[in-house]
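Below: one structure, written as structure tokens.
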2 protein chains.
Amino acid sequence: MRARTNGKAGGRPGGMSRGGASIQDVAREAKVSIATVSRVVNQPTLVTEETSSRVRDAIKKLGYVPNAYAQGLSGRGGKVLGIVLPDIFGEFYSELLRGADGEARRLGYHLLVSSDAHDHGHPTRTENLAFGLIDGLALMMTEPNVELWRETLDAALPTVVLDAEVSEPGVDSVSVDNTEGTREATEHLLSTTPPDRCFFVGGPKENFDTKARAEVFCATLATAGRPCTEPQVSCGEYSVDWGRAWGRERQRGAGLKGCAVLAANDEIALGVMQAAQEAGLRVPEDLKIVGFDDTRLATLVRPSLSTVRVPLQDVGAAAVRLLVERVTDSEKPATRMKVGTKLVIRESSR
Amino acid sequence: MRARTNGKAGGRPGGMSRGGASIQDVAREAKVSIATVSRVVNQPTLVTEETSSRVRDAIKKLGYVPNAYAQGLSGRGGKVLGIVLPDIFGEFYSELLRGADGEARRLGYHLLVSSDAHDHGHPTRTENLAFGLIDGLALMMTEPNVELWRETLDAALPTVVLDAEVSEPGVDSVSVDNTEGTREATEHLLSTTPPDRCFFVGGPKENFDTKARAEVFCATLATAGRPCTEPQVSCGEYSVDWGRAWGRERQRGAGLKGCAVLAANDEIALGVMQAAQEAGLRVPEDLKIVGFDDTRLATLVRPSLSTVRVPLQDVGAAAVRLLVERVTDSEKPATRMKVGTKLVIRESSR
DNA sequence: GCGCGGCTTGAAAGCGTTTTCACGAGTTAT
DNA sequence: ATAACTCGTGAAAACGCTTTCAAGCCGCGC
């Protein structure tokens, strides 16, 4: 690399540019030592009001902002949290992220976001690089992935896992308790529809939530005296397209009329609804539909979508909170947090 | 000074925990100097294959990952970009963010996301902290805000502005050229509806895009020989609620039937559509509606929404690309980029 | 009147990298 | 055979900050 602007003089070299004044400059300007400047910023009580005010003036005058790298290096951590999601697209992640972002801000942390996990949560090399940068990592794992585990644990980084239960010591987790909501939803459908006309349309087969929801769905049907048969549970992906495809398929087959569908998320539910409407069926009269997640989508469509509410923002916020707690106190025993789910009845299943 | 964990011995002090081995450890393990280790990592050609291999073994054995803070401090920058949006909620930002994230990954950068701008793009103190951390800042400014400007410019940080045209030297911008799309959309509505029954329902009055779109809308009406009257353009906010409120209001008044609406975004359009449907009107037969942005929402609702396509992902990606270019070469002349817009006709206006 | 504790401040040691500079060992040119 | 290079490596400075330790100064009590 070329000449690295040593002092203040001269234009900035090549690509570098981070402008600002350093703590040195402030110290010089205020005629105190850098230690004092640091104290004014971090522990103001230790400094005389007179000195303090002089330093603050200097800071303001020079527009001084502490260099986060230096802070990070010198031990106080950079106040940065990483969050890795399978994707950052769509209402679902959007909501999760919003919760995380809000909480992070509240706690004075920054969020390094990455949807790197295209390959099922496996951080790339790039991601690794950031591992030195972040104080903790919130990782969403929707499917089992041992390899990733090892890597993360080896990094000895405070970690919280989203949407997956884990048993590693020292790793917190926030996951969704699908039981209650799924059961409620299934019973709700059963109240108007015979068990053999109830269907569960899931996301990816390996997905933790889809699996859990399917299970509870079947269990509830069984309780109602009608163990579910193979074709009553289908898996695909979390998309409108898949829901629509399933709906069309079913319509071509035995028909959708008089059926009830519990979808593994709102998008799938929406797809099914579209397929029904295409076929001239009325929702909810001809077909009951219940979604999952209660994303904004559910209230945006007509008929509005009954759905199982998952407090996504809370999940995001809780993850960040847990993470910060662990970052601040690494001895803290692992917390396994579960957020509940609850049926919200709207028009699509009434 | 107390035992500030010099070597590897002892428990870590206080809240610290960043695990890994340091370059020192690797050097010791491989029996070389830290300089050599650094070279193996960054400029492998400078080192003998033999030494290099020994070092690589050590690195692997110790699970060494360079500390990003140290790297940042010593001048190579941390490969982190900041992106500040008014919010990170909803399809609009979601899409933008996705574009940015993808491009950032491609270029080997990380994204520090913040929706801090609740107060109209004014970064909080927290935000400021990160300014030392990031190599560049992508800032979405939907409304004029001089104060923020000053602060950002003072930070002498490579900056790219989203969705706002600026004239500061050395500041790139990516904005949306609303002209073409808005004109197309307006003409499209005029082709079925008399000018005096055409309405523009905008977002916040001060919002750049809303202003631009309203202007083109009026201009196009004027060209059609019917300068638009005051009540034909209304402003509110970018929300379904506002669209619905406008729709109800209008329905209570002169009625929506036979009208045509151009909304400033898809959400507003959706709101208007809901109001119409509530009133028993059919879309598009009784009321034509065209939205803006072409978010996923537009294809998800029934009838599907005609809308003006704004390549949001491209905007995000372009912002990141420009930013990285500027970070790498601060002398580069400022780029003012404009992405075009284009009418997409779907069911709601046919 | 002298020592002692409290309060404010400064000096300096890291933190983990990158990068420059210098140095010895081969290699090549004279 | 010696001077002039090149190549591979190590020592050390610099990055900007936090924090510990020590020192100076004050007022207090004995």
Side-chain angles (χ1 to χ4, degrees), chain A residues 1-8 12-14 16 18-28 30-52 54-55 59 62 64-79 129 132-133, chain B residues 1-8 12-28 30-52 54-55 62 64-79 129 131-133:
Chain A
M1 183 148 291
R2 222 143 5 88
R4 282 207 30 64
T5 321
N6 190 4
K8 301 285 87 185
R12 39 182 82 101
M16 278 295 300
R18 192 162 297 91
S22 79
I23 200 174
Q24 283 286 359
D25 302 320
V26 176
R28 194 159 29 232
K31 305 212 188 306
V32 296
S33 74
I34 59 168
T36 301
V37 176
S38 176
R39 279 188 282 253
V40 169
V41 174
N42 300 303
Q43 311 155 50
T45 58
L46 296 184
V47 184
T48 322
E49 170 52 27
E50 186 195 324
T51 314
S52 188
R54 205 154 26 116
V55 171
I59 289 181
L62 272 51
Y64 166 69
V65 177
N67 179 308
Y69 290 124
Q71 292 193 142
L73 231 204
S74 61
R76 77 152 48 223
K79 302 282 197 180
L129 227 165
L133 233 182
Chain B
M1 161 177 294
R2 213 153 3 91
R4 191 123 170 55
T5 322
N6 191 3
K8 300 288 81 187
R12 39 183 80 105
M16 278 294 300
S17 68
R18 193 162 295 90
S22 79
I23 201 173
Q24 283 286 0
D25 303 320
V26 176
R28 195 158 28 231
K31 306 209 187 306
V32 296
S33 74
I34 60 170
T36 300
V37 176
S38 176
R39 280 188 281 252
V40 169
V41 174
N42 300 302
Q43 309 154 51
T45 58
L46 297 185
V47 184
T48 320
E49 170 52 28
E50 187 196 322
T51 314
S52 188
R54 205 151 28 109
V55 172
L62 273 49
Y64 166 70
V65 177
N67 179 307
Y69 290 126
Q71 291 193 144
L73 230 205
S74 62
R76 78 152 48 224
K79 301 282 196 180
L129 228 165
F131 279 4
L133 233 181

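Here the structure is a predicted model, which is why all the values come from computation and not from measurement. To find a chain, count down the sequence lines: A is the first, B the second, and so on, and within it residues start at 1.
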Show me the protein contacts with nucleotides 24-28 of chain C, counting only N or O atoms at under 3.5 Å.
none

Just the table, please: protein N/O against nucleotides 9-11 of chain D N/O, every pair under 3.5 Å.
unit_1, atom_1, unit_2, atom_2, d
D:dT9, OP1, B:Thr48, OG1, 3.2
D:dT9, OP1, B:Thr51, OG1, 2.2
D:dT9, OP2, B:Thr48, N, 3.1
D:dT9, OP2, B:Thr48, OG1, 3.2
D:dG10, OP2, B:Ser33, N, 2.9
D:dG10, OP2, B:Ser33, OG, 3.2
D:dG10, OP2, B:Thr36, OG1, 2.6
D:dG10, N7, B:Arg39, NH2, 2.8
D:dG10, O6, B:Arg39, NH1, 3.3

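In this model, the phosphate group of D:dT18 is approached by a side-chain N or O of A:Gln71 to a distance below 4.0 Å at OP1 or OP2. An OP1 or OP2 oxygen of D:dC17 is reached within less than 4.0 angstrom by no side-chain nitrogen or oxygen of A:Ser38. Here A:Asn67 does not reach the OP1 or OP2 of D:dC15: none of its side-chain N or O atoms lies under 4.0 Å away.
Look at CG on B:Leu73: it is 11 Å from C1' on C:dT18, rounded to the nearest Å. Per the geometry, OH belonging to B:Tyr69 stands 17 Å off C1' belonging to C:dG14, to the nearest Å. Rounded to an integer number of Å, the gap from CD1 of A:Ile23 to P of D:dT19 is 11 Å. The CG atom of A:Leu133 sits 13 Å away from the C1' atom of C:dT17 (whole-angstrom rounding). Taking atom CD of B:Gln24 as the reference point, atom C1' of C:dT17 lies 10 Å away to the nearest angstrom. The nearest whole Å value for the distance from the CD atom in A:Glu49 to the P atom in C:dT8 is 11 Å.
Judged by distance alone, with hydrogens and angles left aside, the side-chain atoms of A:Tyr69 form no donor-acceptor pair with the main-chain N or O of B:Ala70 at under 3.5 Å.
Within the structure, the salt bridge (charged side-chain N to carboxylate O under 4.0 Å, His left out) test picks out no pair touching residues 31-42 of chain B (sequence neighbours left out).
Using five terminal pairs a side, the axes of the helix from C:dG1-D:dC30 to C:dT30-D:dA1 at its two ends make an angle of 50°, given in steps of 10 degrees.
Taking OG1 of A:Thr36 as the reference point, atom CG of A:Leu46 lies at 10.0 Å (rounded to 0.5 Å). With values rounded to the nearest 0.5 angstrom, B:Gln71 atom CD is found 9.0 Å from A:Leu133 atom CG. In this structure, the separation between CD on A:Gln24 and OG on A:Ser33 is 9.5 Å, given to the nearest 0.5 Å.
With sequence neighbours excluded, the residues that form a side-chain contact (heavy atoms from CB on, under 4.5 Å) with B:Ile23 are B:Ile34, B:Val37, B:Ser38, B:Tyr64. Among residues two or more places apart in sequence or in another chain, the salt bridge (Lys or Arg N to Asp or Glu O under 4.0 Å) test is passed with B:Glu50 by none.
A:Gln43 comes within 4.0 angstrom of the backbone, heavy atoms only, and of no base.
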Applying side-chain contact (heavy atoms from CB on, under 4.5 Å) to B:Val40 and B:Val26, what does each step give before you reach the verdict? CA-CA 11 Å; B:Val40 169; B:Val26 176; over 6 Å; no
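Comparing B:Ala70 and B:Thr45, the nucleotide of DNA chain D nearest to each residue sits closer to the 5' end for B:Thr45.
Side-chain atoms of B:Val32 and B:Thr51, non-hydrogen and from C-beta on, do get closer than 4.5 Å to each other.
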